[in-house]
Amino acid sequence: MESSALVYIMLTAVTVGLACCIQNKDYVPGHISGRRPVGTYTGYHRMQARNAVAEVAIYCLLAGVSACRIAVGNDYWVYRDNFKLIAQNRYVSSEFGFNLIVGWMQDLFGYDNYLPIFGLFSLVTVFFLVKALHDQGSWYVFSLFLLMTGGYYFNSLNSVRYYLALAIALYSMKYVLRGEYVKFILIILAGTMFHKSILLVIPVYLVARWLAAVKLKKWHCVTGVILIASLILAQDLYREIIFYFYPYYENSAFDNGQISYANIAKCLGTLGICAVCYRKSLKEDLMNRFYFFLNVAGIVVYCCGSFIPEVSRVGYYLIISQIFLLPRLLADMKKGWFRNLCIAGVIGAFLVYFIMLLRGMYAVDVRLLPYLNWIFN
């Protein structure tokens with residue numbers, strides 16, 4: 001690993017250090033419900049002010065590293081070429097909202113002035129990530145640690161449109177939990193202007209929310225088994241549907257049938273902790289159950305959906321909920337050696353994954369390292 005990898009390591013260390021100052025547990029129920037208890041103080045408490053300062057600092061660091069990058073990501077120059085085609089009113093496969101903003105930015109800053117465009121999408125993507133942590137991160141520092149070491153932030157330096165959609169999906173979870181389904185659907189529809197794959201979260205998130213609120217019966221399990229069987233037996237039908245929306249993925253480099261063993265391991269580990277914590281933290285807790293069912297769907301997708309091109313892009317919509325679920329489960333465990341062992345195990349596993357991620361960033365199909373920016377390079 002060369003020296004620029006230290007940028008990512010130091011960014012992770014500094015932002016996690018800042019997150020240690022954030023105590024968010026008492027405020028998450030209000031963020032999720034959307035209501036203040038009657039008679040509560042409507043101003044800012046000292047803790048809220050401290051939280052806000054730390055969160056703004058975290059946002060500035062994450063957005064700064066992302067917005068100032070240049071030639072980082074295997075599709076960086078592909079996006080630059082597409083920006084030029086959009087300015088020339090020529091056809092590109094990206095969604096109309098993305099094309100509209102790119103065209104407007106080039107009218108404003110000049111033809112082929114691509115740095116402000118990357119900068120704008122970085123600012124917006126990181127905003128939704130940090131806002132989601134603010135609203136749903138009961139154990140904020142742990143959730144941020146998982147966001148960083150799990151690769152979600154660093155991968156957002158690549159695949160600009162998709163990771164904006166993923167950040168929007170993560171943010172939208174609070175509206176599903178509130179039961180504000182119209183707001184949720186409107187936000188997701190807005191996200192389709194940048195990446196239409198986000199549409200799949202509408203049925204999946206709504207079904208997960210419904211399952212979280214009901215007592216499971218036999219017919220729920222039978223339906224789940226039928227769905228899993230369909231993923232195995234009706235792959236050609238699913239592929240026809242996928243290629244109707246994404247015809248350029250068929251027989252492409254993305255249509256390779258790879259199985260993501262790392263993400264399967266993440267899901268298995270998460271579901272294992274869910275089993276341990278079922279009675280105390282999962283049986284009646286709506287938020288935890290919602291995240292749990294998303295992870296169940298995630299492991300099904302990763303185990304049975306290898307026929308889906310870029311299956312991780314589907315799976316990430318589901319398993320990114322781990323950044324909220326794992327800290328909530330671990331925080332509710334009875335204090336003692338077993339809880340400490342589980343916390344150490346999760347931290348150790350994600351640190352190993354982070355090291356593997358850093359080593360893989362030099363690959364030609366990733367190219368997140370070396371890190372270059374337009375300030376010094």
Side-chain angles (χ1 to χ4, degrees), residues 75 78 82 91-99 152 155 158-170 172-173 175-176 181-182 184-212 219-261 263-264 266-267 290 293-321 365:
D75 60 0
V78 174
N82 286 341
Y91 173 78
V92 292
S93 61
S94 50
E95 288 75 6
F96 77 94
F98 178 80
N99 296 347
Y152 302 110
N155 285 328
N158 221 335
S159 303
V160 171
R161 292 162 37 245
Y162 169 74
Y163 278 94
L164 172 57
L166 180 65
I168 292 171
L170 184 67
S172 74
M173 288 179 184
Y175 294 108
V176 182
Y181 303 124
V182 174
F184 162 66
I185 292 172
L186 288 175
I187 288 171
I188 297 304
L189 290 178
T192 62
M193 295 191 299
F194 305 100
H195 208 283
K196 53 182 174 285
S197 67
I198 196 176
L199 276 174
L200 69 87
V201 309
I202 293 179
V204 174
Y205 286 11
L206 292 180
V207 169
R209 172 63 170 77
W210 175 65
L211 289 173
W219 73 269
H220 295 131
C221 299
V222 171
T223 303
V225 170
I226 293 172
L227 179 59
I228 294 171
S230 74
L231 289 172
I232 299 171
L233 302 175
Q235 295 183 4
D236 291 340
L237 175 61
Y238 283 115
R239 284 173 65 83
E240 284 184 19
I241 296 171
I242 293 167
F243 296 139
Y244 176 80
F245 291 100
Y246 292 97
Y248 45 85
Y249 275 163
E250 188 171 13
N251 298 320
S252 70
F254 302 114
D255 189 15
N256 53 21
Q258 283 188 341
I259 297 175
S260 179
Y261 294 104
N263 285 313
I264 290 174
K266 282 184 186 179
C267 291
F290 171 69
F293 283 113
L294 290 183
N295 278 272
V296 171
I299 195 168
V300 169
V301 165
Y302 280 114
C303 290
C304 304
S306 60
F307 63 89
I308 302 171
E310 286 279 68
V311 66
S312 286
R313 292 193 177 186
V314 177
Y316 277 0
Y317 284 125
L318 309 172
I319 69 168
I320 195 173
S321 59
D365 59 342

Can you tell me how far the NZ atom of Lys266 sits from the CD1 atom of Ile320, to the nearest 0.5 Å? 9.5 Å
What pair of heavy atoms forms the shortest contact from Val301 to Val314, and how long is it? CG1-CG1, 4.0 Å
Out of curiosity, Leu170 CG to Tyr152 OH, how far, rounded to the nearest 0.5 Å? 9.5 Å
Please list, chain by chain and in numerical order, all residues satisfying ring-ring contact (aromatic ring centres under 6.0 Å, His included) with Tyr175, sequence neighbours excluded. Tyr171
Once side chain to side chain donor-acceptor pair (under 3.5 Å) is applied, what residue pairs with a partner in residues 184-194 remain, sequence neighbours excluded? none
Looking at residues at least two apart in the chain, or sitting in another chain, which of them share a side-chain hydrogen bond (donor to acceptor under 3.5 Å, both in side chains) with Ser321? Asn295
Verify side chain to side chain contact (heavy atoms under 4.5 Å, CB included) between Leu189 and Leu199, making sure each step is shown before the conclusion. CA-CA 7 Å; Leu189 290 178; Leu199 276 174; 4.0 Å; yes
For Leu186, give me all partners under side chain to side chain contact (heavy atoms under 4.5 Å, CB included), at least two apart in sequence or on another chain. Val182
Residue list, side chain to side chain contact (heavy atoms under 4.5 Å, CB included) with Ser230, at least two apart or on another chain: Leu227, Tyr238
Of all heavy-atom pairs between Ile188 and Ser172, which one has the smallest distance, and what is that distance? CD1-OG, 3.5 Å
Please report the interatomic distance CZ(Phe96) to CE(Met193), rounded to the nearest 0.5 Å. 5.5 Å
Partners meeting side chain to side chain contact (heavy atoms under 4.5 Å, CB included) with Asn155 (sequence neighbours left out): Tyr163, Tyr316, Leu357, Leu368
Stepwise, does the side chain to side chain contact (heavy atoms under 4.5 Å, CB included) test hold for His220 with Val225? CA-CA 9 Å; His220 295 131; Val225 170; over 6 Å; no
Taking every non-hydrogen atom, the tightest pair across Ser159 and Asp75: N-OD2, 3.0 Å
Please identify each residue that fulfils salt bridge (charged side-chain N to carboxylate O under 4.0 Å, His left out) with Arg161, with sequence neighbours left out. Glu95
Before you tell me yes or no, could you show the steps for Ile168 and His195 under side chain to side chain contact (heavy atoms under 4.5 Å, CB included), namely the whole-Å CA-CA distance, both residues' side-chain angles and the distance that decides it to 0.1 Å? CA-CA 11 Å; Ile168 292 171; His195 208 283; over 6 Å; no
Please, which pairs that meet salt bridge (charged side-chain N to carboxylate O under 4.0 Å, His left out) have at least one residue in residues 226-235, sequence neighbours excluded? none
Taking the six-membered ring of Tyr162, is NZ or CZ of Arg313 closer than 6.0 Å to its centre and within 45° of its axis? yes
According to side-chain hydrogen bond (donor to acceptor under 3.5 Å, both in side chains), who are the partners of Asn158, at least two apart in sequence or on a separate chain? Asn74
Tyr317 meets the side-chain hydrogen bond (donor to acceptor under 3.5 Å, both in side chains) criterion, sequence neighbours left out, with Ser197
When rounded to the nearest 0.5 angstrom, what distance separates CD1 in Ile202 from CD1 in Ile185? 5.5 Å
Those residues that, when tested against Val207, pass side chain to side chain contact (heavy atoms under 4.5 Å, CB included) (two or more places apart): Leu211
For a quick test of reading the model, state the closest non-hydrogen atom pair linking Met173 to Leu294 and the distance between them. CE-CD1, 3.9 Å
Minimum heavy-atom separation for Tyr302 to Cys267, with atom names? CD1-SG, 4.5 Å
With rounding to the nearest 0.5 Å, note down the distance linking SG in Cys304 to CD1 in Ile228. 6.0 Å
Distance from Ile299 atom CD1 to Ile319 atom CD1, nearest 0.5 Å? 10.0 Å
Worked verdict on Thr223 versus Trp219 for side chain to side chain contact (heavy atoms under 4.5 Å, CB included): CA-CA 6 Å; Thr223 303; Trp219 73 269; 3.7 Å; yes
Do you know the tightest heavy-atom contact between Phe290 and Tyr205? CE1-O, 3.4 Å
